[in-house]
Protein chains: 2
Amino acid sequence: MENCLPNLESLQFVLQVLGGKWKLHILSILYFGKKRFKELEREIGTISPKMLIKELKDLEAAGIVYRQTFNTVPITVEYSLTEDGLTLKPVLNHVNEWAVQLKQKVNNRSKAKPADLG
Amino acid sequence: MENCLPNLESLQFVLQVLGGKWKLHILSILYFGKKRFKELEREIGTISPKMLIKELKDLEAAGIVYRQTFNTVPITVEYSLTEDGLTLKPVLNHVNEWAVQLKQKVNNRSKAKPADLG
DNA sequence: CTGGATCCTTTAAGATACTG
DNA sequence: CAGTATCTTAAAGGATCCAG
């Protein structure tokens, strides 16, 4: 039943991982390079520490973000992208291309028409 | 701040549109061809009519799904993919390729390592 | 600084009965 | 058949304070 959209599960997994309110925002910042917890908090501006740590943990569990701690006083933590986090970027760019043209169309029409299948 | 991941907004939009619990499942069925409301309900099996109509309305508003009514008795309604719905498929396949390899890695390791940036 | 814990509000979703 | 309406529960998110 689901063999036309291959591996529905994997796609659901991606949507779940990236679907949090702040995930893409966090990633967009980490694409500039590693950041500390406080730096992320400041750059996002309106996120609470609870949400930030939750989103980071999700991304880390998904293997997209890497967390490194340093035994300084006080402790410092750096978040960076994993290999998979980097390979995600061109994928997102691809999705974005589709999304941009979709949004333009949605804004310029009242109702979508069906695809012309001949 | 967000110019590295181009147009964060568009990506958020896609995640919102596809992020519902049943969206991908519905799309995976519609990729086989047009379906009536009841057919979708039956094929999914565990969805309530309230959720089904809600997800369909979301997809229609996003311009991905087209809804056509017929003045039969009783009324019949057919749901099909729009042009944008069709162009979404290869995009999802691309995401899926990335997702599949990610899941394999996540399952085979305890903790991700950072990307080697040289 | 990096988070954890708590309480609260909002949103998503499920169950079920009902209407044109 | 194709949805609506209502009620209830579960999950996501926000605010705030606290600890190592």
Side-chain angles (χ1 to χ4, degrees), chain A residues 8 11-27 29-30 33-62 65-81 111 114, chain B residues 8-9 11-27 29-30 33-62 64-81 111 114:
Chain A
L8 194 57
L11 282 172
Q12 304 265 29
F13 176 76
V14 176
L15 284 181
Q16 187 136 347
V17 169
L18 301 183
K21 185 172 178 181
W22 306 98
K23 303 280 174 62
L24 287 180
H25 198 155
I26 291 171
L27 289 181
I29 293 174
L30 290 181
K34 54 180 62 171
K35 298 282 181 182
R36 293 170 54 186
F37 186 87
K38 204 64 180 180
E39 291 178 307
L40 286 169
E41 193 178 356
R42 263 194 293 265
E43 293 202 28
I44 296 176
T46 54
I47 193 175
S48 70
K50 171 192 156 187
M51 283 308 295
L52 181 53
I53 192 64
K54 186 245 178 196
E55 303 284 74
L56 285 170
K57 275 185 179 173
D58 287 351
L59 291 170
E60 189 192 1
V65 159
Y66 176 70
R67 173 181 181 273
Q68 186 170 20
T69 59
F70 299 91
N71 277 328
T72 54
V73 179
I75 192 176
T76 58
V77 179
E78 279 182 356
Y79 291 91
S80 56
L81 294 167
K111 180 165 178 168
Chain B
L8 193 58
E9 263 184 61
L11 282 172
Q12 305 266 28
F13 176 76
V14 175
L15 284 182
Q16 186 136 347
V17 169
L18 301 183
K21 184 172 180 183
W22 306 98
K23 303 281 174 61
L24 287 180
H25 198 155
I26 291 170
L27 289 181
I29 294 174
L30 289 181
K34 54 180 62 171
K35 297 282 181 182
R36 294 170 52 185
F37 186 87
K38 203 65 180 180
E39 291 178 307
L40 286 169
E41 194 177 356
R42 263 194 294 264
E43 292 202 29
I44 297 177
T46 53
I47 193 173
S48 70
K50 171 192 154 185
M51 283 308 295
L52 181 53
I53 192 64
K54 187 246 178 195
E55 303 284 74
L56 285 170
K57 277 184 179 173
D58 287 351
L59 291 170
E60 190 192 0
I64 294 173
V65 159
Y66 176 71
R67 174 181 180 273
Q68 186 171 20
T69 59
F70 299 91
N71 278 329
T72 55
V73 180
I75 192 177
T76 58
V77 179
E78 279 182 358
Y79 291 91
S80 57
L81 294 168
K111 178 164 178 169

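To find a chain, count down the sequence lines: A is the first, B the second, and so on, and within it residues start at 1. The shown structure was predicted, so the numbers you read here are calculated from the model rather than taken from an experiment.
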Please confirm whether the shortest side-chain N or O distance from A:R36 to OP1 or OP2 of C:dT2 is below 4.0 Å. yes
What's the CD-C1' distance between B:E41 and C:dT16, to the nearest Å? 13 Å
Atom-to-atom span, CD of A:E39 to C1' of C:dG3 - whole angstrom: 16 Å
5'-most by nearest nucleotide on DNA chain C - B:T46 or A:T76: A:T76
Closest to the side chain of B:F37, out of C:dC1, C:dG3, D:dA2, is D:dA2
A:D58 CG to D:dG13 P, straight-line distance once rounded to whole Å: 9 Å
Looking for any heavy atom pair under 4.0 Å, which part of the strands does B:K50 touch: base, sugar-phosphate only, or nothing? base
Select one nucleotide: of D:dC1, C:dT2, D:dA15, the one nearest the side-chain heavy atoms of B:P74. D:dC1
Can you find a pair of side-chain heavy atoms, one from B:Y79 and one from B:K34, that are under 4.5 Å apart? no
Taking A:E55 for its side chain and A:W22 for its backbone only, find out whether a donor-acceptor pair lies under 3.5 Å. yes
Check whether any side-chain heavy atom of A:L59 sits under 4.5 Å from a side-chain heavy atom of A:L27, and report yes or no. yes
Which part of the nucleic acid does A:R42 contact within heavy-atom distance under 4.0 Å: base, sugar-phosphate only, or nothing? nothing
Of the candidates C:dG4, D:dA2, D:dT16, the side chain of A:I53 sits closest to C:dG4
note: A:M51, atom CE; C:dT2, atom P; distance rounded to Å ~ 18 Å
Rounded to whole angstroms, how far apart are NZ on A:K57 and P on D:dA12? 15 Å
Round to a whole Å and report the spacing from CG of B:N71 to P of D:dC1. 17 Å
At under 4.0 Å between heavy atoms, what does A:Y79 touch on the DNA or RNA strands: base, sugar-phosphate, or nothing? sugar-phosphate
Can you measure B:I44 atom CD1 to D:dG3 atom C1' for me and round it to whole angstrom units? 15 Å
Of the listed D:dC1, D:dG13, C:dG3, the closest approach to the A:P49 side chain comes from C:dG3
Cationic N near anionic O, under 4.0 Å, B:E43 to B:K35: yes
Counting only side-chain heavy atoms from C-beta out, which of C:dG3, D:dA2, C:dC1 sits nearest to A:K38? C:dC1
Looking only at C:dG4, C:dA13, C:dA17, the nucleotide nearest the B:K21 side chain is C:dA13
Send over the distance from B:I47 CD1 to C:dA13 P, rounded to a whole Å. 10 Å
From the options D:dT4, C:dC1, D:dA2, select the nucleotide whose nearest atom is closest to the side chain of A:I75. C:dC1
Salt bridge check: are B:R36 and B:E39 linked by an N-O gap of less than 4.0 Å? no
